[in-house]
Amino acid sequence: MSDLRTYRQEIDAIDEQLSCLLNRRMNISRSVALFKEKHGCAVLDCSREKEIIQKARDRSARDELKTYQEAFFKHLMKLSRDYQQRLVETK
Ligand SMILES: C=C(O[C@@H]1C=C(C(=O)O)C=C[C@H]1O)C(=O)O
């Protein structure tokens, strides 16, 4: 049981870092949205997203994690795009 507590403390610490990183990433995504709106660019950039997914897959600690890295970043970028869309539409 003390092992489980230790693992969960580690997960909590990682989650805290992930939340901070998500705040930072979404803030930058917001700046990107404002830039795109000013310059008439589309929110979605497929080639950039493919690049990010490939880099994430390459960073996998083990081959079996590649699919999870890909899913995680796809979801993250969907949230980022949704946020950008919302910002552009409510301007
Ligand atoms: C942030 C951008 O906008 C979108 C969101 C991306 C992301 O969250 O990484 C990547 C590409 C775009 O589809 C961008 O163009 O860089």
Side-chain angles (χ1 to χ4, degrees):
M1 205 52 189
S2 79
D3 277 354
L4 181 58
R5 200 172 309 124
T6 307
Y7 293 143
R8 285 181 175 171
Q9 279 171 353
E10 204 171 335
I11 283 181
D12 285 346
I14 291 167
D15 288 351
E16 200 180 324
Q17 288 183 51
L18 285 173
S19 287
C20 291
L21 290 172
L22 181 65
N23 284 334
R24 278 180 61 194
R25 199 181 195 285
M26 292 298 256
N27 273 336
I28 296 169
S29 185
R30 181 180 184 277
S31 300
V32 171
L34 301 179
F35 177 95
K36 284 176 174 173
E37 158 135 273
K38 193 172 164 191
H39 294 89
C41 307
V43 164
L44 175 65
D45 184 335
C46 286
S47 65
R48 169 75 175 148
E49 295 203 4
K50 275 188 190 149
E51 212 178 279
I52 287 173
I53 289 165
Q54 191 53 55
K55 280 195 259 182
R57 289 179 64 91
D58 292 345
R59 283 193 301 263
S60 298
R62 285 188 299 281
D63 276 359
E64 76 227 37
L65 295 180
K66 285 186 188 298
T67 185
Y68 299 102
Q69 283 277 355
E70 177 162 347
F72 178 78
F73 276 90
K74 276 187 176 164
H75 193 65
L76 193 56
M77 290 189 288
K78 165 86 169 68
L79 296 176
S80 164
R81 267 186 279 112
D82 286 352
Y83 184 40
Q84 289 190 7
Q85 204 61 55
R86 197 179 124 192
L87 289 165
V88 167
E89 277 163 16
T90 56
K91 275 208 93 195

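The chain is numbered in sequence order, starting from 1. The structure presented is a predicted model; accordingly, all values stated were derived computationally and were not measured. Read the numbers this way: they start at 1 and go in the same order the structure lists the ligands and their atoms. All values below were derived from every heavy atom in this structure, side-chain atoms included, with hydrogens, water molecules and symmetry-related copies excluded.
Summary of contacts: the protein heavy atom closest to atom 1 (C) of ligand 1 is Gln84 NE2, 3.2 Å. Nearest protein neighbour of atom 13 (O) of ligand 1, counting heavy atoms only, is Glu49 OE2, 2.5 Å. Nearest to atom 5 (C) of ligand 1 among the protein's heavy atoms is Ser80 OG, 3.6 Å.
Below 4.0 Å from some heavy atom of Ile52 lie the following atoms of ligand 1, by number and element: 9 (O). Counting the atoms of ligand 1 from 1 in the order shown, those under 4.0 Å from a heavy atom of Arg48 are 10 (C), 11 (C). The Leu44 neighbourhood of ligand 1 comprises atoms 13 (O), with distances under 4.0 Å to a heavy atom of that residue. The Asp45 neighbourhood of ligand 1 comprises atoms 11 (C), 12 (C), 13 (O), with distances under 4.0 Å to a heavy atom of that residue. Near Val32, meaning under 4.0 Å from any of its heavy atoms, are these atoms of ligand 1: 1 (C), 2 (C), 14 (C). In the vicinity of Val43, heavy-atom distances shorter than 4.0 Å reach the ligand 1 atoms 3 (O), 4 (C), 12 (C), 13 (O).
Taking only nitrogen or oxygen atoms, main chain and side chain alike, Ser29 does not reach within less than 3.5 Å of ligand 1.
A 4.5 Å side-chain heavy-atom check between Arg5 and Glu10 finds every atom pair outside the cut-off.
His39 places a side-chain N or O within 3.5 Å of a backbone atom of Phe35 that can act as its donor or acceptor partner. Between the side chain of Lys36 and the main chain of Cys41, no donor-acceptor pair closer than 3.5 Å is present. At least one donor-acceptor pair under 3.5 Å links the side chain of Gln84 to the backbone N or O of Ser29.
A salt bridge does not link Glu89 to Arg86: none of the charged nitrogens lies less than 4.0 Å from a carboxylate oxygen. Using a 4.0 Å cut-off between a side-chain N of Lys or Arg and a carboxylate O of Asp or Glu, Glu70 and Lys74 qualify as a salt bridge.
Between atom 3 (O) of ligand 1 and the options Lys36, Arg25, Arg81, the minimum heavy-atom separation is to Lys36.
Shortest non-hydrogen contact noted between Arg30 and Tyr83 is CD-OH, 3.5 Å. Across Ser2 and Thr6, no two heavy atoms sit closer than the pair O-OG1, 2.8 Å.
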